[in-house]
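One structure is given below, encoded as C-alpha cells.
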Amino acid sequence: MYFNDNTLVFFNGQWLKAKDLQVSPYVQSMHYGNGVFEGIRSYATPDGTKVFKSEEHYKRLLHSAEKMYLKVPYTAEEFTKFTYELLEKNNLGNAYIRPLVFAGANMSLIPTNEVHVMLCAWEWGKYLGTKLLDVMTSSYQRPNPKSCHVEAKVTGHYVNSILATTEAKQKGYDEALLLDANGFVAEGPGANFFFEKDEVLFTSPLGNILPGITRATMFELCEELGFRLIEKHFTPEEVKGADSAFFTGTAAEVAGIQSLDRVNFKLKWEETLGSVLQAKYTRRVSFNEYGNFSFV
Ligand code: PMP
C-alpha cells in the first residue's frame with residue numbers, strides 16, 4: 001500500500017529503494033519511541049505540484065528534534081528541496097509526505113549522536129474519510145505536558161493516539177476526543193478540534209495539544225472570512241450543546257463531526273461555519289488561491 005518495487009525514499013542523503021532499506025534492530029527509537037516526525041501534504045495545483053506550508057512543517061520537525069536531543073543535519077529549506085525531489089522521483093502530485101528522524105542503535109536511555117533521516121511519500125485519501133464522524137469522549141487523556149513536550153511531534157506520543165483510536169473503534173465510533181489532565185477537551189488522536197456555537201467558533205488553547213498547522217490555517221481563513229474564532233478551555237458537556245464541530249489536520253484536512261457520545265449536533269453540516277472553512281481549505285491548498293501562504 002505504501003510502496004512498490006520502484007518506490008524511492010530519501011535516507012541520510014541518499015535515494016534508496018524503499019524495499020531495500022534496512023535499519024539496525026537496536027535503534028533506540030524502535031525500543032523507546034524517541035523519534036520525531038511530520039505529516040505533510042502536497043497538492044497537484046494548476047501551477048504544478050505544491051507542498052502546503054512546507055517550511056512550517058519542517059520548522060516544527062526541527063523543533064521536535066531539538067526537544068528530543070536528535071541532531072538533524074538539514075535546514076527547513078534543504079528539507080523542502082528534498083521533498084520536491086522525492087515527489088518528482090516517485091511521480092507524485094497529490095501525496096502525503098512522511099519525514100521521520102530517528103535515533104541509531106543505542107540501548108541506553110541517553111541521547112545518541114547517530115541520527116537517521118528518512119523521507120517517504122505515498123498517495124493517501126483523507127485520513128478520517130469523508131462521512132460525518134461519530135466521536136466518543138476517550139477514557140484516555142492526552143499526555144500530561146509535564147511528562148513530555150506535547151507540542152513536539154514525537155513518535156512515542158502516538159501510543160496514546162493508538163489506544164484512544166482503538167478504544168473508539170472497538171466501541172463502534174469513528175474517532176476519539178481526548179481530554180487534558182484537567183478534564184478539558186484537548187484534541188483528537190491525530191487532529192485538532194473545533195466547535196461552533198451561535199456562529200462563533202471555539203478551539204482549545206495551546207498547552208495540551210499539538211499546535212496544528214491546519215489549526216493555524218483555520219485562524220487565517222477565519223480572519224479572511226470574518227468568522228469569530230476563540231481559544232478557550234471547554235468540557236465535553238459544553239461541546240454537546242454546540243451547533244456543530246469538526247477536526248482539522250494535514251491528513252484529515254477538515255472533517256465534519258455528526259455527534260459526540262451519540263449526542264447529535266444541531267445544524268446540518270452544510271449549514272455550518274466548518275463546512276465553509278472546509279470548502280475554503282480545499283480551494284486554498286489545491287488551487288491557485290495561495291495568497292500569502294508559504295507554498296514553496
Ligand atoms: N494533533 C495531533 C495529535 C496530530 O497528530 C496532528 C497531526 N499532525 C494534529 C493535531 C494536526 O496537526 P497538523 O494540522 O499540523 O497536521
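Both ligands and their constituent atoms are indexed starting at 1 by order of listing. Positions are given from 1, in the same order as the sequence printed here.
- At under 3.5 Å, a nitrogen or oxygen of Thr250, whether backbone or side chain, sits near a nitrogen or oxygen of ligand 1.
- When non-hydrogen atoms are compared, ligand 1 lies under 4.0 Å from neither the backbone nor the side chain of Pro211.
- If you check each of Gly249, Gly190, Gly212 against atom 7 (C) of ligand 1, the one with the closest non-hydrogen atom is Gly190.
- A donor and an acceptor atom, one from each side chain of Glu114 and Asn106, are nowhere located under 3.5 Å apart.
- Tyr158 OH, 2.4 Å is the protein heavy atom nearest to atom 5 (O) of ligand 1.
- For atom 3 (C) of ligand 1, the choice among Arg142, Glu38, Lys153, His157 with the nearest heavy atom turns out to be Arg142.
- Exactly one residue among Phe265, Phe193, Trp269 makes a side-chain contact (heavy atoms from CB on, under 4.5 Å) with Phe246. That residue is Trp269.
- Side chain of Ser286 to main chain of Tyr43: no donor-acceptor pair is present (N/O by atom type, distance under 3.5 Å, no hydrogens or angles).
- Within the structure, ligand 1 has Ala191 among the residues with a heavy atom less than 4.0 angstrom away.
- Of all atoms in ligand 1, listed by their number and element, those nearer than 4.0 Å to a heavy atom of Asn192 are 10 (C), 11 (C).
- In terms of modelled atom types and a separation under 3.5 Å, the side chain of Tyr84 and the main chain of Val51 share a donor-acceptor contact.
- For the residue pair Thr248/Tyr281, the side-chain donor-acceptor check at 3.5 Å is not satisfied.
- When non-hydrogen atoms are compared, ligand 1 lies under 4.0 Å from neither the backbone nor the side chain of Ser161.
- Distance from atom 14 (O) of ligand 1 to its nearest protein heavy atom, with residue and atom name: Thr214 OG1, 2.5 Å.
- One side chain, Ser138 or Glu167, offers a donor N or O that lies under 3.5 Å from an acceptor on the other.
- In terms of N/O distances under 3.5 Å, ligand 1 is approached by Glu187.
- Remark: Asn91 CG is loosely packed, at most 12 non-hydrogen atoms of other residues, nucleotides or ligands lying under 6.0 Å away.
- Residue contacts with ligand 1 include Arg60, since one or more of its heavy atoms lies under 4.0 Å from the ligand.
- Within the 3.5 Å criterion, the main-chain N or O of Thr282 finds no donor-acceptor partner in the side chain of Glu253.
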